[in-house]
Amino acid sequence: MDVKTEAIVLQAIDYKDDDKLLTLFSPTLGKITAGIRGVKKPKAKLAFSAQPFCFAEYILAEKGGRYTVTNAYLHESFFSLRTDIDKFYSACAAAELCRVLAQENERYEGLFIGFIECLKSLCLGGEDEAEALIAFSLIALRESGYPLDLAYLEECDGDIGDKLWFDFADGRFTSFERCVQGERASVSTYHTLRKCAGLSYDETATSGGKKRALRLIKAFLEEKTESRFEGLGEFIRCLGE
């Protein structure tokens, strides 16, 4: 049976001499694994469809729950991501979030749209690579059932002081007195997260916040999923701030 779906390549792994195994992310099929044959041969006509971040309409042959790519029609290659190391690492970290958080064969339309928009913003170059990744991470957390609660600024009438804590149990910022299971968090982390979430924030309080915000997101993800986010960690290590 043939299946037609829009999808983007999250990962491509060499398989046998000329084949690859693709991790595809589709708004209708979710995360799926699909083989693609002969794609490593010189002048293979579907070579483009096995590249990282390729967004295309894929034609899949399905048998016994297994998929094989038989054809593809390109929508967007996001090629510029492969010409800028910072953009590439940011995109790889975003793809890693999709791979880990999305379950096989479940629909994640919000996560899919957020990922496409993240790649578009990175390619257009109008947004900082770290801020683009933070913004997408907040979407990914929300769509996977682990949203961050950034409402403390409103709860304390705009006066958060300098003793802010992050509660890992509830995924929220709060004061020490209310914190159940957490650790100290910087004010710059909090305001950077609010900035990337499209909320009101104090621009003067965001200095140094991008790296700290990503570290907090990584720690929270690993706490909730019991998974390692090595791509996110690599981007953080390369982030100069």
Side-chain angles (χ1 to χ4, degrees), residues 5-15 20-35 50-55 58 65-67 78 81-82 86-122 129-150 166 168-172 181 189 193 196-197 210-239:
T5 184
E6 312 289 328
I8 189 164
V9 176
L10 298 180
Q11 188 177 50
I13 299 174
D14 290 341
Y15 181 69
K20 287 193 176 186
L21 286 177
L22 307 181
T23 301
L24 298 177
F25 190 30
S26 160
T28 55
L29 299 179
K31 183 180 68 175
I32 60 173
T33 300
Q51 296 299 313
F53 317 121
C54 173
F55 177 35
Y58 285 84
R66 296 186 176 185
Y67 296 97
F78 295 111
L81 296 176
R82 298 193 286 274
D86 294 326
K87 291 180 180 179
F88 182 75
Y89 275 25
S90 180
C92 286
E96 178 183 58
L97 291 178
C98 294
R99 288 201 316 273
V100 176
L101 295 175
Q103 302 299 310
E104 293 281 348
N105 302 307
E106 291 189 17
R107 296 169 68 110
Y108 292 89
E109 294 184 21
L111 183 60
F112 179 85
I113 293 171
F115 183 48
I116 294 293
E117 291 303 314
C118 176
L119 298 186
K120 285 182 179 178
S121 68
L122 288 171
E129 292 85 1
E131 291 184 3
L133 181 56
I134 293 168
F136 173 67
S137 298
L138 293 172
I139 293 172
L141 285 166
R142 184 185 70 235
E143 293 295 323
S144 57
Y146 309 115
L148 292 191
D149 184 346
L150 302 174
F166 181 73
F168 279 87
D170 296 330
R172 67 193 302 266
Q181 177 186 343
T189 296
L193 287 169
C196 295
K210 289 181 285 189
K211 200 164 191 173
R212 296 189 184 103
L214 286 168
R215 283 174 175 162
L216 184 142
I217 288 170
K218 181 176 181 290
F220 184 63
L221 281 165
E222 292 179 344
E223 168 86 12
K224 294 300 183 183
T225 66
E226 298 183 351
S227 300
R228 296 290 301 274
F229 289 82
E230 295 179 358
L232 180 55
E234 185 63 26
F235 179 77
I236 293 170
R237 284 190 290 273
C238 294
L239 184 62

- Return yes if some donor-acceptor pair links the side-chain N/O of Lys218 with the main-chain N/O of Gly233 below 3.5 Å, else return no. no
- Item | Approximate separation, where rounding is to 0.5 Å, of Asp149 CG and Leu193 CG | 11.5 Å
- Message: Taking Asp86's backbone N and O only, do any of them form a donor-acceptor pair with Ser90's side chain (distance below 3.5 Å, no angle check)?
- Response: no
- Task: Check for a donor-acceptor pair, side chain of Glu222 on one end and backbone N or O of Phe229 on the other, with a separation under 3.5 Å.
- Result: yes
- Task: Run the numbers on Glu129 and Phe235 for side chain to side chain contact (heavy atoms under 4.5 Å, CB included), then give the verdict.
- Result: CA-CA 10 Å; Glu129 292 85 1; Phe235 179 77; 4.2 Å; yes
- Message: On a heavy-atom basis, which atom in Asp14 and which in Lys20 lie closest, and how many Å separate them?
- Response: OD1-CE, 3.4 Å
- Between the CZ atom in Phe136 and the CG atom in Leu141, the distance rounded to the nearest 0.5 Å is 9.5 Å
- Message: Quick check for you: to the nearest 0.5 Å, what is the distance between Ile236 atom CD1 and Leu133 atom CG?
- Response: 8.0 Å
- Query: Between NZ of Lys87 and CZ of Phe78, what distance do you get to the nearest 0.5 Å?
  - Reply: 12.0 Å
- Task: Kindly say whether the aromatic ring centers of Tyr58 and Tyr67 come within a distance under 6.0 Å.
- Result: no
- Message: Can you tell me how far apart OG1 (Thr189) and CZ (Arg215) are? Round to the nearest 0.5 Å.
- Response: 9.5 Å
- Hey, is the main chain of Arg107 close enough, under 3.5 Å, to the side chain of Lys31 for a donor-acceptor pair? no
- Note on the structure: Between Leu24 and the options Leu29, Thr33, Ile32, the side-chain contact (heavy atoms from CB on, under 4.5 Å) test singles out Ile32
- Query: Any donor and acceptor pair, going by atom type alone, linking the side chain of Glu96 with main-chain N or O of Leu232 inside 3.5 Å?
  - Reply: yes
- To the nearest 0.5 Å, atom OH of Tyr146 lies from atom CG of Leu221 at 9.0 Å
- Message: Does Arg66 have more than 12 heavy atoms from other residues, nucleotides or ligands lying within 6.0 Å of its CZ?
- Response: no
- Taking all heavy atoms of Ser26 and all of Phe112, pick out the closest pair and write down the distance. C-CD1, 4.1 Å
- Query: Taking atom CD of Glu226 as the centre, does the number of heavy atoms from other residues, nucleotides or ligands within less than 6.0 Å exceed 12?
  - Reply: no
- Message: With side chain to side chain contact (heavy atoms under 4.5 Å, CB included) as the criterion, how do Ile113 and Ile139 come out once you've worked through the C-alpha distance, each side chain's angles and the decisive distance to 0.1 Å?
- Response: CA-CA 10 Å; Ile113 293 171; Ile139 293 172; over 6 Å; no
- Note on the structure: Looking only at heavy atoms, the pair that brings Leu81 and Leu119 closest together is CD1-CD2, 3.8 Å
- Item | Any donor-acceptor N/O pair, Lys224 side chain to Phe168 backbone, under 3.5 Å | yes
- Query: Please walk me through it: do Thr225 and Leu101 pass side chain to side chain contact (heavy atoms under 4.5 Å, CB included)?
  - Reply: CA-CA 8 Å; Thr225 66; Leu101 295 175; 3.8 Å; yes
- Message: For a quick test of reading the model, state the closest non-hydrogen atom pair linking Leu122 to Ala132 and the distance between them.
- Response: CD2-CB, 3.9 Å
- Message: Students often mix this up, so state it plainly: with edges at 30° and 60°, are the rings of Phe220 and Phe166 parallel, tilted or perpendicular?
- Response: perpendicular
- Plane angle bin for Phe25 and Tyr108 - parallel if under 30°, tilted between 30 and 60°, otherwise perpendicular: tilted
- List the atom of Leu111, the atom of Glu143, and the distance in Å for their closest heavy-atom pair. N-CG, 3.7 Å
- Can you see which heavy atom on Leu138 is nearest to which on Cys196, and at what distance? CD1-C, 4.2 Å
